[in-house]
**Student:** 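Can you keep this structure in mind? I'll have questions shortly.
Since the model is a prediction, treat every value here as computed from it, not as a measurement.
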Amino acid sequence: MKIGEIEVFLNYGHLVIGSAGDPDFDLLVSDPPMSDTNHVMLVTRAQIAPVRIGVWRGVAPRPSRQVFTGDVQLATGYVTLRESSEPPFFTWPATSPGAQVKLSIGTDAWDEATDVTVVVDPDGDFMPDVMSRSAFVDSLAVVDSLAQIDRVLNSHNYPVDRLAAAMRILMHASQRGASEARIRYGIASVMEWLKWLHPAISPRLIESVSETIHDGLGSGTAPGEAEAYAVIFNVSSALGISVDDFLMAR
């Protein structure tokens with residue numbers, strides 16, 4: 001499940017992930033990546049442009065470089081993100097106070113990372129890396145549980161196929177009697193995924209999309225590529241651009 005995504009300017013480029021307290025190592029002189037029992041610190045791009053940080057639980061896109069995998073003790077039970085000794089700019093309740101969680105942290109570069117992936121309680125279950133679209137579509141077809149919807153939404157390549165698979169999963173869940181709350185949660189996952197397809201997308205712009213998907217669940221017709229393409233077409237039209245230009249920005 002994708003918990004959130006943040007774009008933040010870091011003054012010194014030292015990102016600290018973990019517990020709310022200060023690390024045992026010296027934040028100013030330690031050479032990242034560095035970790036103790038409560039924190040992980042890594043180096044990111046500083047000042048000139050923002051750093052994008054994605055926070056996931058369980059399943060996430062496979063990062064280019066794996067920086068850290070291990071248990072981290074959280075004094076308050078919250079995973080926090082901050083720069084050096086600054087106050088946290090992101091917190092998320094991961095466990096009970098004082099308990100440990102496993103974190104998996106990856107980046108797009110060893111030095112001056114611009115994209116960071118943080119996974120809480122990783123289960124190691126990734127969608128397979130495949131080059132051909134047909135092989136990728138086949139891999140999506142075997143995912144049929146609402147609990148696994150994040151497996152098809154863990155990246156943005158082949159977006160029409162991913163969206164079609166997610167809509168199919170939602171319809172099957174509805175037909176099998178899943179609660180309204182679970183359906184809404186699944187649609188919220190789709191909305192979170194959708195808003196990162198293009199930098200101009202805002203939550204307000206795609207508000208109607210969630211209702212369109214929800215209303216379509218009662219049609220009795222299994223959604224496919226055409227239905228997913230229609231959703232993406234509507235979003236690109238709202239932005240005033242073509243579908244091709246919209247998808248090129250992902």
**Student:** Within the 4.5 Å heavy-atom criterion, are Val120 and Val79 side-chain neighbours or not?
**Tutor:** yes

**Student:** Considering only heavy atoms from C-beta outward, does the side chain of His214 approach that of Arg184 to under 4.5 Å?
**Tutor:** yes

**Student:** Where the side chain of Ser96 meets the backbone of Ala99, is there a donor-acceptor pair that is under 3.5 Å apart?
**Tutor:** no

**Student:** Within the structure provided, determine whether Val72 and Thr37 are in side-chain contact (heavy-atom separation under 4.5 Å).
**Tutor:** no

**Student:** Between Glu225 and Arg162, does any NZ, NE, NH1 or NH2 come within less than 4.0 Å of an OD or OE carboxylate oxygen?
**Tutor:** no

**Student:** Nearest 0.5 angstrom please: Asp150 CG to Trp193 CH2, how far?
**Tutor:** 12.5 Å

**Student:** Could you state the interatomic distance from CZ (Phe68) to NZ (Lys102), rounded to the nearest 0.5 Å?
**Tutor:** 10.0 Å

**Student:** Could you go step by step and tell me if Arg45 and Glu7 meet the salt bridge (charged side-chain N to carboxylate O under 4.0 Å, His left out) rule?
**Tutor:** CA-CA 12 Å; Arg45 175 169 58 188; Glu7 287 191 351; over 6 Å; no

**Student:** Please name the pair of heavy atoms, one in Leu140 and one in Asp161, separated by the smallest distance, quoted to 0.1 Å.
**Tutor:** CD1-O, 3.5 Å

**Student:** Measuring only between side-chain heavy atoms, which start at C-beta, is Phe9 closer than 4.5 Å to Ile48?
**Tutor:** no

**Student:** Answer yes or no: is there a donor N or O on one side and an acceptor on the other, between the side chain of Glu227 and the main chain of Ala164, under 3.5 Å?
**Tutor:** no

**Student:** Please examine the side chains of Ser210 and Ile187, heavy atoms only from C-beta on, and report whether any two atoms are closer than 4.5 Å.
**Tutor:** yes

**Student:** State the NE2-CZ distance between His39 and Arg82, to the nearest 0.5 angstrom.
**Tutor:** 5.0 Å

**Student:** Could you check whether any side-chain heavy atom of Ile3 comes within less than 4.5 Å of a side-chain heavy atom of Phe90, counting everything from C-beta outward?
**Tutor:** yes

**Student:** May I have the step-by-step check of side-chain contact (heavy atoms from CB on, under 4.5 Å) for Thr80 and Leu74, ending in yes or no?
**Tutor:** CA-CA 9 Å; Thr80 68; Leu74 304 177; over 6 Å; no

**Student:** Could Asp144 and Arg168 be called an ion pair, given the rule that one side-chain N must be under 4.0 Å from one carboxylate O?
**Tutor:** yes

**Student:** Determine whether Ile6 and Leu103 fall in the same hydrophobic cluster, where Ile, Leu, Val, Met, Phe, Trp and Tyr are linked whenever their side-chain heavy atoms lie under 4.5 Å apart.
**Tutor:** yes

**Student:** Between the main-chain N or O of Gly4 and the side-chain N or O of Glu192, is there a donor-acceptor pair closer than 3.5 Å?
**Tutor:** no

**Student:** How about CZ on Phe89, more than 12 heavy atoms from neighbouring residues, nucleotides or ligands closer than 6.0 Å, or not?
**Tutor:** yes

**Student:** To the nearest 0.5 Å, how far apart are CG in Leu146 and NE2 in His172?
**Tutor:** 12.0 Å

**Student:** Identify which one of Ile105, Thr117, Thr107 satisfies the side-chain contact (heavy atoms from CB on, under 4.5 Å) criterion when paired with Arg65.
**Tutor:** Thr107

**Student:** Are Ile53 and Val119 joined in one hydrophobic group, where the rule is that I, L, V, M, F, W and Y side chains link up if heavy atoms are under 4.5 Å apart?
**Tutor:** no

**Student:** With sequence neighbours left out, what residues match Asn11 under side chain to side chain donor-acceptor pair (under 3.5 Å)?
**Tutor:** Gln47

**Student:** List for me each residue that meets ring pair (Phe, Tyr, Trp, His ring centres under 6.0 Å) alongside Trp56, sequence neighbours excluded, and say none if there are none.
**Tutor:** none

**Student:** So, do Val116 and Leu15 sit near enough that their side-chain heavy atoms are less than 4.5 Å apart?
**Tutor:** yes

**Student:** Check the pair Thr114, Thr44 against side-chain contact (heavy atoms from CB on, under 4.5 Å), reporting the backbone distance first and the verdict last.
**Tutor:** CA-CA 6 Å; Thr114 63; Thr44 68; over 6 Å; no

**Student:** So which heavy atom on Ala166 is nearest to which on Val190, and how close?
**Tutor:** CB-CG2, 3.9 Å

**Student:** State, to 0.1 Å, how close Met167 and Leu217 come at their nearest heavy-atom pair, and which atoms those are.
**Tutor:** O-CD2, 4.4 Å

**Student:** When rounded to the nearest 0.5 angstrom, what distance separates OG in Ser19 from CG in Asp36?
**Tutor:** 9.0 Å

**Student:** Could you give the distance from OG (Ser174) to CD1 (Ile183), rounded to the nearest 0.5 Å?
**Tutor:** 5.0 Å

**Student:** If hydrophobic clusters are built from ILVMFWY residues whose side chains come within less than 4.5 Å, do Tyr12 and Val16 share one?
**Tutor:** no

**Student:** A quick test of your reading: do over 12 heavy atoms of other residues, nucleotides or ligands sit less than 6.0 Å from CZ of Arg204?
**Tutor:** no

**Student:** Write out all pairs satisfying side chain to side chain donor-acceptor pair (under 3.5 Å) with one or both partners inside residues 66-78, taking only residues at least two apart or from two chains.
**Tutor:** Gln66-Thr69, Gln66-Ser104

**Student:** With a 4.5 Å cut-off on side-chain heavy atoms, are Val243 and Tyr229 touching?
**Tutor:** yes

**Student:** Is any side-chain N of the basic residue among Asp108 and Arg52 closer than 4.0 Å to the acidic one's carboxylate O?
**Tutor:** no

